[in-house]
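Lettering of chains follows the sequences in order, A, B, ..., and the numbering in each one begins at 1. Quantities reported herein were computed from a predicted structural model and do not represent experimental measurements.
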Protein chains: 2
Amino acid sequence: MMQLKNQVEWALHCCSVLAALPEGKTVPAKVLAEFHGVPREYLAKAMQGLAQAGIVAGTLGPTGGYRMAKDPSDVSFLDIVEAVEGKKSTFACSEIRMKNPCMTKQERKCVGERPCGIAKVMWDADEAWREHLRGVLLSDLVAAVGEEVPSEVLVKGEAWLNDRC
Amino acid sequence: MMQLKNQVEWALHCCSVLAALPEGKTVPAKVLAEFHGVPREYLAKAMQGLAQAGIVAGTLGPTGGYRMAKDPSDVSFLDIVEAVEGKKSTFACSEIRMKNPCMTKQERKCVGERPCGIAKVMWDADEAWREHLRGVLLSDLVAAVGEEVPSEVLVKGEAWLNDRC
DNA sequence: CCTTTACGGATACTATATATCCGAAATAGA
DNA sequence: TCTATTTCGGATATATAGTATCCGTAAAGG
Ligand code: SF4
Ligand code: SF4
């Protein structure tokens, strides 16, 4: 099916929340999970991925939780996606040419050294995908949310968060 | 892991073989599988996908097999990829906003009707990927193979195919 | 008539995604 | 100091999708 894990969607949403937070404030995974209606333990794994990538920072203890580790204008969609999904190409080449029964060992080696037309096209397509995600920043998302979501809803959400962390 | 099925690679290779074939000639799935060193029955499923998409045509009976159903300059990489992989977007949106506990039913509906910033970015990235694959034709691949692969290897492969169909 | 082929459905096996659980270390507050 | 809370990493279980095989049917050629 070639689908991104659902953790990617969650991570993007969580980042958009954290990026809009006042300086110094932290939100624990438990609250983020309840806010988005997703399983706490599994979301925690995604947050750990973001933390390892240096996008968010987790602080321990009561009053602990997550906050942004970078400026939102310095984090791209690609950074977030790759932090939880990994950086592997969508096209896995199994070096099928090497199995061709009508080539000698030497010919296999020769062909194997040359760049492959098929793989190049597929990898370039991946790169076009990444390039598009690289071009959109977390700050853009925050701005879009500010415009698209009614302010009363934003205020209510903020109050809800303040209420539990 | 977000990877294309290996059938995609096989399908691309098979198409590059079929597209280089002399007019009227057909190659059965059994031979294509042996030529690429992949399981026959599973490759057959991919070929059926290509046939359903109208890219190749299968003919029954002895001396039967597959041939191109379209001109190679009229078939894009995207056509082949989508024929075996499907057309679904890599980003599946689970309408997470609807689960937010601090919104009323009415507000959920309102937000749900507006275009979503996150989904739009992800879908646009997919479209950039598709656009790149749309731009490369099967005829381009055939030409590249003709240039990259030593002619003696091509001749040997042709002879190998002639030998069994 | 017999063989070969594509085709479609059913089935088994394997890898990945999804989800949960636990113990350890850190930290804030009583 | 003690307790509660949190992140973190590893281990484990379950569900789903990818991989692979099998079989019966229909069509076509020799
Ligand atoms: S020809 Fe290209 S796509 Fe095929 S196996 Fe080789 S490198 Fe991979
Ligand atoms: S906000 Fe966008 S990405 Fe998130 S659930 Fe809604 S449509 Fe999907």
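- Looking at heavy atoms from C-beta onward, B:His132 lies out of side-chain contact with A:Asp126 at the 4.5 angstrom threshold.
- Nucleotide C:dT16 holds its P atom 16 Å from the CD atom of A:Gln7, rounded to whole Å.
- Look at CG on A:Leu50: it is 13 Å from P on D:dG9, rounded to the nearest Å.
- Nearest-nucleotide mapping onto DNA chain C: of A:Arg40 and A:Gln3, the residue sitting toward the 5' end is A:Gln3.
- Taking for each of B:Thr63 and A:Tyr42 the nucleotide of DNA chain C with the nearest heavy atom, the 5'-most of the two is the partner of B:Thr63.
- Within 4.0 Å of A:Ala29, counting heavy atoms only, lie sugar-phosphate atoms of the nucleic acid but no base atom.
- Of the candidate nucleotides D:dA4, D:dA11, D:dT21, D:dT21 has the atom lying nearest to any side-chain atom of B:Lys45.
- Contact annotation: B:Arg67 side-chain N/O to C:dT5 OP1/OP2 distance is not under 4.0 Å.
- Looking at every heavy atom in both residues, A:Leu133 comes nearest to B:Ala125 through CD2-CB, 3.6 Å.
- Comparing C:dG8, C:dT5, C:dA19 against the side chain of B:Leu60 picks out C:dT5 as the nearest.
- The listed nucleotides are D:dA20, C:dC7, D:dC8; the one nearest the side chain of A:Ala51 is D:dC8.
- The residue among A:Gln48 and B:Trp10 whose nearest nucleotide of DNA chain D is located toward the 5' end is A:Gln48.
- Put simply, NZ on B:Lys5 is 17 Å from P on C:dA15, counting in whole angstrom units.
- B:Glu41 has its CD atom 12 Å from the P atom of C:dT5, to the nearest Å.
- Between B:Leu18 atom CG and C:dA6 atom P the separation is 11 Å, expressed in whole Å.
- In this entry the distance linking CG of B:Leu43 with P of C:dT5 reads 14 Å, nearest Å.
- Ring geometry, A:Phe35 versus A:Trp160: the interplanar angle falls from 30° to 60°, so the pair is classed tilted.
- Annotation: side chain of B:His13 is in contact with side chain of A:Arg97 (closest heavy-atom distance under 4.5 Å).
- Nearest heavy atom pair, residue A:Ala51 against residue A:Tyr66, reads CB-CE2, 4.4 Å.
- B:Leu4 has its CG atom 14 Å from the C1' atom of D:dA17, to the nearest Å.
- Side-chain proximity of B:Pro28 to the nucleotides D:dC22, C:dT27, C:dA6 is greatest for C:dA6.
- Closest to the side chain of B:Tyr66, from the set D:dT7, C:dT20, C:dC7, is C:dC7.
- Rounded to whole angstrom, the span from the CE atom of A:Met2 across to the P atom of C:dT16 amounts to 16 Å.
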